[in-house]
Amino acid sequence: MKWEKAFERVDDHRWRIPKGTVECMRTDAVVFASEGMLPSIASDNAPLQAANVACLPGIVGDSLAMPDIHWGYGFPIGGVAAVDADHGYISPGGIGFDINCGVRLIRTDLRREDVSKHLDALMDALYLNVPSGLGSKGLKKLNDEELSKVLEYGSEWAVRNGYGWDRDLERTEEGGRMEGADPTHVSDRAKKRGIPQLGSLGSGNHFLEVDVVDEVFDEGAAKAFGLSEGMVTVTVHCGSRGCGHQIATDYLADMGKYVRDNDVRLPDPQLACAPLSSDIGARYFSAMSCGANYAWANRQMITHWVRESFEKVFSDSAESLGIEMVYDVAHNIAKKERHAWEGGSGDVLVHRKGATRAFAPGRPELPMAYRDVGQPVIVPGDMSTGTYVLVGAEGAMTQSFGSSCHGAGREMSRKQAVRTIRAGDVKREMRDRSIVLRSGSDASLVEEAPSAYKDLETVVDVVVGAGLTGKVARLTPIGVVKG
DNA sequence: ATGTTC
C-alpha cells in the first residue's frame, strides 16, 4: 500500500483515508497534517494503524490522527478515537504503555535576567532534587497501603501529604484524580514496580525544562494563564513509570484472551479490546484510572521539589516567587466525556494516545479561571526548541472530540537515532544554543536528539490552521534535565 | 514509554 496515494485531500490541514481502504473499517480515518508532512507520515505504519483503529467496535465519528502521528503499539501515537459509552470497546493500545504520560507547566515571577546568573546552580538543584533516569527511584519510601492511596487519590494524595498546594489541583486536568480508580484491579506486580518509583522523572522522552516566555501571541489568554514575555517557566514531562507500564502489560494479555475467546474481529492483535461495559473492560478502565492517578501524584511531587529547588537557589519562598501551576494535561488516557460529532452526539469514551485534551471555552470540566478562555494545551518539542502553549478552540469540539496534538512527534525511530547521531553532537548543539543540560545517560541523549524529532512549528501550524487550538505563547529552553 | 525478551 502506497499510503501517500491513499490520502484524499479534505482541505489544507485534513486528509481522509476512506472507509474500505482496510476491509474492516467502520468509518473513515482522518489525519490532520499539511501536504508537506505526508511523505514523512506515510514512511511508517502509522497511516495503516489509523485505518485499523476505524475497525474498533463501537467507534463513533472518524478515527483521527494528529500531525505528530507516528508508529505506536496498535494505535498510532497521535491517535484519537471515541467509542460509544454504552456499546463501545476500550483498547489499552489506544492509551499506551505509559498511562497518563503528560505535561505540567509551572510559571514563576522570575525574569530571564533574574535566573541567568544562577542558572547552573538552579539546574544542579533540580537535577539533585528530582530523581531521573532509567530505573530511577523516588525519595519517599511508601508502604503498600500508601501506594493504594496514591492509586485511588492521585494528586489529592500528594497535596494532602505535603507535596504542593490545594490550588494546584484546580489547575490539573480532572483535578489530578480519576474517579472510580480501584487499586484492587491493579496487580501486585504493578504495585511492586510502582512503590519505589513514585516521585521520579524516568527516562526516554521525559524531561524537566526551564524556559523563558519568548513570544506571546494571545495577550488575553496569556494573562489568564499567568504568562508574560520574559517570564521564567518550568515544564515537566513524565508519566506513571513502571507501574502504568505493568498495568498496560497485564490488561493487554487479558484482553488478548478476551478477543480470542469471543471471536472479536480485529485487523491487528495489538488492538486487543473489550466492551467498556464488560467485566474486563470495566476493570481495565479502573486500573487505567489508578495508573493515571499515579502519574498525577508523580508530577505533583516533582512540582514540590521544583519549588524547593527555586527556594534554595533564590533564598525566597515559592509563594513569594510566584511559583504557580498553569496547567497539567494528560496525553495518554481514555476519558468519559459528552461530545457532538458529524452524525451524532452523546456520551463517549475518548481514547487519546499521544494527544491532548483541548477543550474550548465554556466546557464545565475547565477551572473557573479558564472557563471563558479555553483549556491550556501544553505542547513540548524537542529539547532544543522548547514548548508551545496553545488554547483549546471550538474546532476541537466539532472535529476532534476536544483534542489536539501532544508534541513534535518522532521523525526517527530510537534505533535509527542511535545509529546515526552521537551524544557529543547533541551536547554541542545544546551548548551552542546556550542551554544548560543535565543528563545521566548518553544513550537517552542520542535517542532524544533534536534531529530525531519533527519540526514543532509545522505541527503547531496544522492544529492552529485546522482550528483545533489557538497559539498563546512560545517558551524557549535555557535549561534541561534529561532522564 | 519500560527492571529495553518473565
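Residue numbers start from 1 in every chain, and the chains themselves are labelled A, B, ... in the order their sequence lines are given, proteins ahead of strands. Please read all numbers here as calculations on a predicted model, not as lab measurements. These values consider heavy atoms only, across backbone and side chains, with no hydrogens, waters or symmetry-generated copies.
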Exercise. Base, sugar-phosphate, or nothing: which does A:S203 touch, judged by heavy atoms less than 4.0 Å apart?
Worked result: sugar-phosphate
Exercise. Which residues satisfy the ring-ring contact (aromatic ring centres under 6.0 Å, His included) test with A:Y453, sequence neighbours excluded?
Worked result: none
Where do N or O atoms of nucleotides 3-6 of chain B meet protein N or O atoms at under 3.5 Å, pair by pair?
| residue | atom | partner | partner atom | Å |
| --- | --- | --- | --- | --- |
| B:dG3 | OP1 | A:R193 | NH2 | 2.1 |
| B:dG3 | OP2 | A:Q197 | NE2 | 2.6 |
| B:dG3 | N1 | A:R193 | NH1 | 3.4 |
| B:dG3 | N2 | A:R193 | NH1 | 3.1 |

Exercise. With a non-hydrogen cut-off below 4.0 angstrom, is A:G96 in contact with a base, only sugar-phosphate, or nothing?
Worked result: nothing
For this session: List for me each residue that meets side chain to side chain donor-acceptor pair (under 3.5 Å) alongside A:S200, sequence neighbours excluded, and say none if there are none.
Result: A:R241
Could you pull out every donor-acceptor pair under 3.5 Å between side chains of residues 264-273 of chain A and any protein atom, sequence neighbours left out?
| residue | atom | partner | partner atom | Å |
| --- | --- | --- | --- | --- |
| A:D268 | OD1 | A:Q270 | N | 2.8 |
| A:Q270 | OE1 | A:G74 | N | 2.8 |

For this session: Identify, with sequence neighbours excluded, every residue that meets side chain to side chain donor-acceptor pair (under 3.5 Å) alongside A:D214.
Result: A:R474, A:T476
Problem set entry | Pairs flagged by ring-ring contact (aromatic ring centres under 6.0 Å, His included) wherever residues 257-292 of chain A is involved - sequence neighbours left out | A:Y251-A:Y284
Exercise. Expressed in angstrom and rounded to an integer, what is the separation of A:K192 atom NZ from B:dT2 atom P?
Worked result: 19 Å
